[in-house]
Amino acid sequence: GTWKPRDRFVGAGDPAPADKYGNGFAGVSPPPPANPAWLIKQYGAINAIDLKTGKPLYSRNASRLFLPASNMKLFSSALALLKYGPDKTFATRVLLDGAGNLILEGSGDPSMSARSYPYRKGPNTLAPLHAIEELAEQVVAHGLTRVPGDIVGDDRALPWDPYPPSWTQDDAQNEDGAPVSALVLNDNMLTLTVHPAAAGALTTYSFHPSLEYFAVDNRAVTTANKNESKIRAVRMPGTRQVVITGAIGEGHAPSTFTIAVDDPALFAALALKDALVRRGVRVDGDAVARHRDVTESFAASTADPLASRT
């Protein structure tokens, strides 16, 4: 149907917080104003019920259809729990194929990041690439000193369908828009920090973790205005080029951005290659990605791995 002013989540004519089962925010202490300024121009829907009695507590626009956004994670997580059960583990393996390629084979493990699992309150204490470092240590301990072929990031356990069809190019820029892949390393993103230099000079920048994944076109300048901070960092659509623009004052605190990678399998392969080279392993080939189309089938290798983690 056609949207009308009354369909707004909170409109100019809405009453103040009402009784327990009315069109209000009962039970909220202190109650919000009847017309919060940030809500007046927004559309939304809610349907809250008492789980014990099934009685409605609050409802507005409950039959309207919206893009679910992060609410979809609730259903995705519930489905995964029902399908796999609470004891399911995901294995990430490193194998050497007959052509001399070293294969990093993912199965969807989401824990290859700085976070601790199970959840632990407090700051993250792990290195963001600790999982790759562990795998590299196992490979070297296995006696491998040379890779005659490529380092292959293999995410074929899931079909290569990285973005929902409704997303725009802007949605895929930051960490909350990272592509879906069976290889998930550091949440498939890098942190970019832009630092001021001397007034009149270009800014400097750094990535964490430090991997040469993106090509950077840095156009941002440092100004004499110590209070200025107008930096923008954008990954150009369909590329691995990040463009930094704007200005920041000399002595100002750095600006930080989270940039989603465009190909998680390639990102993971690059990280493994870097970890192996630092340990003295000779790699003759390149870091490459291996995907599969949604119409193709996949069977995991039955070969014994050189390294694995769950």
Does any donor atom in the side chain of [X] or [Y] lie under 3.5 Å from an acceptor atom in the other side chain?
X: His142; Y: Gln138; answer: no
X: Tyr117; Y: Asp109; answer: no
X: Asp155; Y: Ser181; answer: yes
X: Ser297; Y: Arg292; answer: no

Can you check whether [Y]'s main-chain N or O pairs, donor with acceptor, with [X]'s side chain at less than 3.5 Å?
X: Arg279; Y: Ala275; result: yes
X: Asn101; Y: Ile103; result: no
X: Ser107; Y: Ala91; result: yes

Measure the [atom1]-[atom2] distance between [X] and [Y] for me, rounded to the nearest 0.5 Å.
X: Lys55; Y: Asp50; atom1: NZ; atom2: CG; answer: 9.0 Å
X: Arg219; Y: Asp217; atom1: CZ; atom2: CG; answer: 4.0 Å
X: Leu135; Y: Ile132; atom1: CG; atom2: CD1; answer: 5.5 Å
X: Glu133; Y: Leu272; atom1: CD; atom2: CG; answer: 9.5 Å
X: Phe214; Y: Phe267; atom1: CZ; atom2: CZ; answer: 8.0 Å

>> Show, in sequence, the C-alpha distance, side-chain angles and deciding distance for Thr168 and Asp170, and conclude whether the side chain to side chain donor-acceptor pair (under 3.5 Å) test is met.
In response: CA-CA 5 Å; Thr168 66; Asp170 288 345; 5.0 Å; no

> Given Thr191 and Phe207, is the side-chain contact (heavy atoms from CB on, under 4.5 Å) satisfied, shown in steps?
Replying inline: CA-CA 6 Å; Thr191 300; Phe207 282 103; over 6 Å; no

Using a 6.0 Å cut-off, check whether atom [atom1] of [X] has over 12 heavy atoms from anything other than its own residue.
X: Tyr84; atom1: OH; value: no
X: Arg146; atom1: CZ; value: yes
X: Gln169; atom1: CD; value: no
X: Glu212; atom1: CD; value: no

> Taking it one step at a time, do Ile248 and Thr223 satisfy side-chain contact (heavy atoms from CB on, under 4.5 Å)?
Replying inline: CA-CA 6 Å; Ile248 188 170; Thr223 68; over 6 Å; no

> Does the salt bridge (charged side-chain N to carboxylate O under 4.0 Å, His left out) test come out yes or no for Asp263 and Arg240, once each step is laid out?
Replying inline: CA-CA 9 Å; Asp263 191 334; Arg240 281 187 285 279; 5.2 Å; no

> Are the charged groups of Arg235 and Asp262 less than 4.0 angstrom apart, N to O?
Replying inline: no

>> Less than 4.0 angstrom from a charged side-chain N to a carboxylate O is my criterion; do Arg156 and Asp154 meet it?
In response: yes

> Taking it one step at a time, do Asn218 and Thr203 satisfy side chain to side chain donor-acceptor pair (under 3.5 Å)?
Replying inline: CA-CA 8 Å; Asn218 182 22; Thr203 59; 3.2 Å; yes

> Stepwise, does the side-chain contact (heavy atoms from CB on, under 4.5 Å) test hold for Leu306 with Leu96?
Replying inline: CA-CA 7 Å; Leu306 300 180; Leu96 192 65; 4.2 Å; yes

> How are the rings of Trp160 and His291 set to each other: parallel, tilted or perpendicular (split at 30° and 60°)?
Replying inline: parallel

